[in-house]
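Here is the structure we will look at, set down as structure tokens.
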Amino acid sequence: MPPLGFLRKFGPSMGKHSLLLSVIGVFAAGVGSLLPLAPAARAADPIQILAVHFPPYEIKDPEDDLPGFDVEVLTSAFKRVNRKASVEFLPWKRAVHLAEQGNAAGVLSCAYNAGREKNFIFSDVLSQATRGFYVHPDFDATGPVNVDFAKGYSVTAVSGYVSAKTLTEHKVSFDPSPTDIAAIRKLINRRVEMFYTSQEAADYIGRSDNLANRMKFLPVKVIPYYVCFSRKWPDVEKLVKDFNRGLRILRQDGQYQKIHAKYSARTS
């Protein structure tokens, strides 16, 4: 019911029809405030992209003003086309589900998966993960390098990572390490001959001690990452085009390369 004071104030001086319209208006305004923002209103807000803590791509609690190079590239690319974007951190499955439902514009950093085509539009390539082996500078490797190449060598990988799972699938024996930095130091101290990892992650983690320049990297495969934009987000096709245009500008003016350089101490 409308407030009693409202009826007392307007009841005697208004016809029944006018009173009814006024009451409806009051309730409509109240109900409207409880509804989700309309697409037009949402489009005026910063574009919300969801992510999981995944250094150096996305970093939930940044140190040294380094939020992750994919976060920086994302926000800078949108800025180039006069749009704003924000990144919120959630568990991966939750982030993907919310974006699938159109409750967020998209997720990053997202690897291509044919099953995702139904719910997402993939941006141009945002970044990549270069999987391979770090070895000693004097390691002699000739010919193509693949995962099976490591058989017969002493190898390490971080327990629980995809890299460790891959070695197990290929039946490559390895000495597990608890962290990336532990694996890097194990290699540098010549306790192992190879460290299977992502080059981008190892370069970032070892940047403070310039560890990357004390190792040699043998690439095995490159996995591209994208922004996965929700097909249920309002006017998503234009959003993807705007982002891709901003991303091209970043690459052309050199800002993309400058962003990535901050996350590695590699000099050679």
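Nothing fancy with the numbering, it's 1 onward along the sequence.
- In this structure, Ile223 is not a member of the same hydrophobic cluster as Leu218, with clusters built from ILVMFWY side-chain heavy atoms closer than 4.5 Å.
- One finds a salt bridge joining Arg80 and Asp253 here, because a Lys/Arg side-chain nitrogen approaches an Asp/Glu carboxylate oxygen to under 4.0 Å.
- Not one N or O on the side chain of Lys60 forms a donor-acceptor pair closer than 3.5 Å with the backbone of Val52.
- Residues Pro219 and Thr130 come closest through the heavy atom pair CB-CG2, 4.1 Å.
- No side-chain heavy atom of Val155 sits under 4.5 Å from any side-chain heavy atom of Asp175.
- In terms of modelled atom types and a separation under 3.5 Å, the side chain of Arg94 and the main chain of Pro91 share no donor-acceptor contact.
- With no hydrogens or angles considered, no side-chain donor-acceptor pair links Ser86 and Glu88 at under 3.5 Å.
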Notebook entry, point to check: Phe243 and Leu126: side chain to side chain contact (heavy atoms under 4.5 Å, CB included), yes or no, with the steps?
Noted result: CA-CA 10 Å; Phe243 174 74; Leu126 176 66; 3.9 Å; yes
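- No donor-acceptor pair under 3.5 Å is formed between the side chain of Arg131 and the backbone N or O of Val220.
- Contact check on Glu100 versus Arg116 returns no salt bridge, with no Lys/Arg side-chain nitrogen under 4.0 Å from an Asp/Glu carboxylate oxygen.
- Here the two rings, on Phe139 and Tyr153, have centers that are under 6.0 Å apart.
- Considering only heavy atoms from C-beta on, Tyr225 comes within 4.5 Å of Phe54 through its side chain.
- Thr168 contributes a side-chain N or O that, together with a main-chain N or O of Ala164, makes up a donor-acceptor pair within less than 3.5 Å.
- Of the residues Arg191, Lys186, Met194, the one that meets the side-chain contact (heavy atoms from CB on, under 4.5 Å) test with Thr156 is Lys186.
- A distance-only check finds a donor-acceptor pair linking the side chain of Ser123 to the backbone of Val227 [under 3.5 Å].
- Counting only N and O atoms by type, the side chains of Asp180 and Tyr161 include a donor and acceptor under 3.5 Å apart.
- Checked against the 6.0 Å centroid criterion, the rings of Phe122 and Tyr112 qualify as a close aromatic pair.
- Considering every non-hydrogen atom in both Ser264 and Asp203, the closest pair reads OG-CB, 3.4 Å.
- Heavy-atom contacts from other residues, nucleotides or ligands closer than 6.0 Å to CZ of Arg251 number more than 12.
- Shortest non-hydrogen contact noted between Glu72 and Ser76 is O-OG, 2.8 Å.
- We find the CD-CG distance between Glu237 and Asp242 to be 12.0 Å, quoted to the nearest 0.5 Å.
- Remark: the backbone N or O of Ser127 is not paired with any side-chain donor or acceptor of His260 at under 3.5 angstrom.
- Within 6.0 Å of atom CD in Glu169, more than 12 heavy atoms from other residues, nucleotides or ligands are found, so the atom counts as buried in its surroundings.
- Taking NZ of Lys232 as the start and CZ of Phe120 as the end, the distance is 10.5 Å to the nearest 0.5 Å.
- Val107 and Val162 are not part of a single hydrophobic cluster, where members link through side-chain heavy atoms under 4.5 Å apart.
- Phe69 and Tyr57 have their aromatic ring centers within a separation under 6.0 angstrom.
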Next item on the list: In sequence, state the C-alpha distance, the side-chain angles, and the governing distance for Tyr263 and Ile59, and then conclude on side chain to side chain contact (heavy atoms under 4.5 Å, CB included).
Entry: CA-CA 11 Å; Tyr263 292 82; Ile59 302 172; 4.2 Å; yes
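- A distance-only check finds no donor-acceptor pair linking the side chain of Asn103 to the backbone of Ala99 [under 3.5 Å].
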Note to self: Applying side chain to side chain contact (heavy atoms under 4.5 Å, CB included) to Lys79 and Lys84, what does each step give before you reach the verdict?
What the structure shows: CA-CA 6 Å; Lys79 187 175 181 180; Lys84 294 181 179 180; over 6 Å; no
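- A distance of 10.0 Å separates CG of Asp70 from CD of Glu200, quoted to the nearest 0.5 Å.
- Between the NZ atom of Lys151 and the CZ atom of Phe174 there is a distance of 13.5 Å, given to the nearest 0.5 Å.
- Between Lys238 and Asp235 there is no salt bridge, since no side-chain N of the basic residue sits under 4.0 Å from a carboxylate O of the acidic one.
- Atom CG of residue Asp124 and atom CZ of residue Arg245 lie 12.5 Å apart, to the nearest 0.5 angstrom.
- In terms of modelled atom types and a separation under 3.5 Å, the side chain of Asp64 and the main chain of Leu66 share no donor-acceptor contact.
- Between Val158 and Phe195, the closest side-chain pair of non-hydrogen atoms falls below 4.5 Å.
- Side-chain contact between Ile188 and Tyr134 is absent, with no heavy-atom pair separated by less than 4.5 Å.
- Ring geometry, Phe133 versus Tyr196: the interplanar angle falls from 30° to 60°, so the pair is classed tilted.
- Residues Arg83 and Ile47 approach most closely at NE-CD1, 3.7 Å, considering heavy atoms.
- For Asn113, the CG atom is densely surrounded, since the number of other residues' heavy atoms within 6.0 Å is greater than 12.
- Between Ala77 and Leu247, the shortest heavy-atom contact is CB-N, 3.6 Å.
- Between Gln257 atom CD and Leu250 atom CG the span is 9.0 Å, to the nearest 0.5 Å.
- Linking Ile, Leu, Val, Met, Phe, Trp and Tyr residues whenever their side-chain heavy atoms come within less than 4.5 Å places Trp92 and Ile49 in a single cluster.
- Side chains of Met215 and Val135 form no contact here, defined as non-hydrogen atoms less than 4.5 Å apart.
- Following chains of ILVMFWY side-chain contacts shorter than 4.5 Å, one cannot reach Tyr226 starting from Val71, and the two form parts of different hydrophobic clusters.
- In terms of heavy atoms, Ala202 sits closest to Thr197 at CB-CG2, 4.0 Å.
- When hydrophobic clusters are built by joining Ile, Leu, Val, Met, Phe, Trp and Tyr residues whose side-chain heavy atoms come closer than 4.5 Å, directly or via intermediates, Val147 is not grouped with Leu187.
- Within the 4.5 Å cutoff, side-chain heavy atoms of Leu108 are placed close to those of Leu74.
- Between the side chains of Ser154 and Glu193, at least one donor-acceptor pair of N or O atoms lies under 3.5 Å.
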